[in-house]
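Atoms considered below: every heavy atom in the structure, side chains included; atoms not considered: hydrogens, waters and symmetry mates.
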Amino acid sequence: MQLATFSTTEQELLQKAQWIAGFTLGEIAQQLNMPVPADLTRDKGWVGILIETALGAKAGSKPEQDFAHLGIELKTIPVNAKGMPLETTFVSLAPLTQNSGITWQTSHVKHKLQRVLWVPVEGERAIPLAQRHIGMPILWSPSPTQDQQLQRDWEELMELIVLGRLNEINATLGEVLQLRPKGKNRQALTNAINQKGEPIQSLPLGFYLRKNFTSEILQNFLYSTL
DNA sequence: TAGTGATCATAG
DNA sequence: CTATGATCACTA
């Protein structure tokens with residue numbers, strides 16, 4: 001099996017992802033001649049880049065799906081020994097301006113989550129990075145129920161943004177989707193609109209999937225294989 | 001210890 | 001700054 005090669009079909013990509021399941025991050029990194037950092041503190045995206053590279057995605061990252069020709073987005077997700085998510089999953093930046101015509105159907109969130117190849121990876125900090133195992137991949141698309149959950153939250157959160165009620169936004173809102181800061185630090189600024197419709201500067205926000213949602217995806221996959 | 005708010009690296 | 005890839009870490 002050749003790593004870091006182009007996949008023509010969905011099946012080919014899935015088989016490649018299934019092939020790397022069971023290997024450690026260190027083993028894959030060695031195959032790709034990629035150095036393994038001591039920890040992820042200053043390399044938070046390293047696991048994602050490593051798996052992208054192994055599966056033949058362009059590790060440059062452009063504003064499109066990882067496998068655009070297949071319509072598939074790749075997401076690695078850190079899990080504990082029970083296969084439960086350890087972190088939320090970033091989806092996309094929230095549009096704080098020029099968002100009047102956007103609907104759920106035309107949103108970046110809906111588009112990105114249309115079809116996702118989830119790759120679970122052991123994520124407990126007690127396990128040295130190089131020794132963490134890669135899990136079985138899950139090729140997923142939202143069920144009608146999941147799509148409705150996402151739409152409800154997205155519309156509720158976008159309403160606050162469109163109305164300029166940014167000061168009311170915090171991470172406790174949303175059942176499965178939440179808004180949290182997404183930037184260099186708390187000093188990061190981006191253009192936004194206040195309640196009076198005036199241009200202001202605001203902390204950039206991003207949409208994140210809560211763990212209860214991604215946990216369900218992983219669990220459903222386990223059941224489907226029994 | 002879970003969850004929210006904060007943060008890190010890099011390319012363009 | 002935006003968009004890619006996310007996890008860290010403080011606090012209730």
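A donor-acceptor pair shorter than 3.5 Å can be found between the side chains of Asp147(A) and Trp104(A). Between the side chains of Arg180(A) and Thr88(A), a donor-acceptor pair is found at a separation under 3.5 Å. Looking at Glu27(A) and Gln31(A), their side chains never bring a donor and an acceptor atom within 3.5 Å of each other. Side chain to side chain, Trp140(A) and Gln146(A) meet the donor-acceptor criterion of an N or O pair below 3.5 Å. A donor-acceptor pair shorter than 3.5 Å can be found between the side chains of Lys16(A) and Thr5(A).
Looking at Arg115(A) and Glu10(A), a side-chain N of the basic residue comes within less than 4.0 Å of a carboxylate O on the acidic one, giving a salt bridge. Ionic pairing of Asp66(A) and Lys75(A) is not present here: no N-O contact between side-chain nitrogen and carboxylate oxygen is shorter than 4.0 angstrom.
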Determine, stepwise, if the pair His133(A) / Ile127(A) fulfils side chain to side chain contact (heavy atoms under 4.5 Å, CB included). CA-CA 10 Å; His133(A) 291 87; Ile127(A) 308 174; over 6 Å; no

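Looking at heavy-atom distances under 4.0 Å, Thr76(A) makes contact with sugar-phosphate atoms alone, never a base. Among the protein residues, Arg125(A) comes within range of the nucleic acid bases, having at least one heavy atom under 4.0 Å from a base atom. Counting any heavy atom pair closer than 4.0 Å across all strands shown, Gln201(A) reaches no nucleic acid atom. Counting any heavy atom pair closer than 4.0 Å across all strands shown, Leu189(A) reaches sugar-phosphate atoms only and no base atom. Across all strands, Pro204(A) comes closer than 4.0 Å to no nucleic acid atom at all (heavy-atom distances).
Atom-to-atom, CG of Leu86(A) to P of dG3(B) comes out at 12 Å; the value is rounded to the nearest Å. Between the NZ atom of Lys82(A) and the P atom of dA2(B) there is a distance of 10 Å, given to the nearest Å. The distance from atom CG of Leu157(A) to atom P of dT4(B) is 12 Å, rounded to the nearest whole Å. For Leu96(A) and dT2(C), the CG to C1' distance is 12 Å, given to the nearest whole Å. Put simply, CZ on Phe90(A) is 13 Å from C1' on dT7(C), counting in whole angstrom units. When rounded to the nearest whole Å, the span between NZ of Lys211(A) and P of dT1(B) equals 12 Å. Atom CG in Leu205(A) sits roughly 15 Å away from atom C1' in dA3(C) (whole-Å rounding). Atom P of nucleotide dA3(C) and atom CD of Gln65(A) are separated by 16 Å, given to the nearest angstrom.
Using cut-offs of 30° and 60° on the angle between ring planes, the pair Phe67(A) and His69(A) is perpendicular.
Of the residues in residues 13-34 of chain A, not one places a heavy atom less than 4.0 Å from an atom of DNA chain C. The stretch residues 103-123 of chain A comes close to DNA chain C through Lys112(A), each having a heavy atom under 4.0 Å from the strand.
Residues Leu113(A) and Leu209(A) are in side-chain contact: their nearest non-hydrogen atoms beyond the backbone lie under 4.5 Å apart.
The distance from the CG atom of Leu55(A) to the CD atom of Gln15(A) is 12.5 Å, given to the nearest 0.5 Å.
Each of Trp46(A) and Arg132(A) has a nearest nucleotide on DNA chain C; the 5'-most of these lies closest to Trp46(A).
Looking at Ser141(A), its side chain does come within 3.5 Å of a backbone N or O of Gln114(A) through a donor-acceptor pair.
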Nucleotide N/O of nucleotides 5-9 of chain B paired with protein N/O under 3.5 Å:
{"from": "dG5(B)", "atom 1": "OP2", "to": "Ala171(A)", "atom 2": "N", "distance (Å)": "2.7"}
{"from": "dG5(B)", "atom 1": "N7", "to": "Arg180(A)", "atom 2": "NE", "distance (Å)": "2.8"}
{"from": "dG5(B)", "atom 1": "O6", "to": "Arg180(A)", "atom 2": "NH2", "distance (Å)": "3.0"}
{"from": "dA6(B)", "atom 1": "OP1", "to": "Arg186(A)", "atom 2": "NH1", "distance (Å)": "3.1"}
{"from": "dA6(B)", "atom 1": "OP1", "to": "Arg186(A)", "atom 2": "NH2", "distance (Å)": "3.3"}
{"from": "dT7(B)", "atom 1": "OP2", "to": "Arg186(A)", "atom 2": "N", "distance (Å)": "2.9"}
{"from": "dC8(B)", "atom 1": "O4'", "to": "Lys44(A)", "atom 2": "NZ", "distance (Å)": "3.3"}
{"from": "dC8(B)", "atom 1": "O3'", "to": "Arg42(A)", "atom 2": "NH1", "distance (Å)": "3.2"}
{"from": "dA9(B)", "atom 1": "OP1", "to": "Arg42(A)", "atom 2": "NH1", "distance (Å)": "2.8"}

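The phosphate of dT2(C) (OP1 or OP2) has a side-chain N or O of Thr190(A) nearer than 4.0 angstrom.
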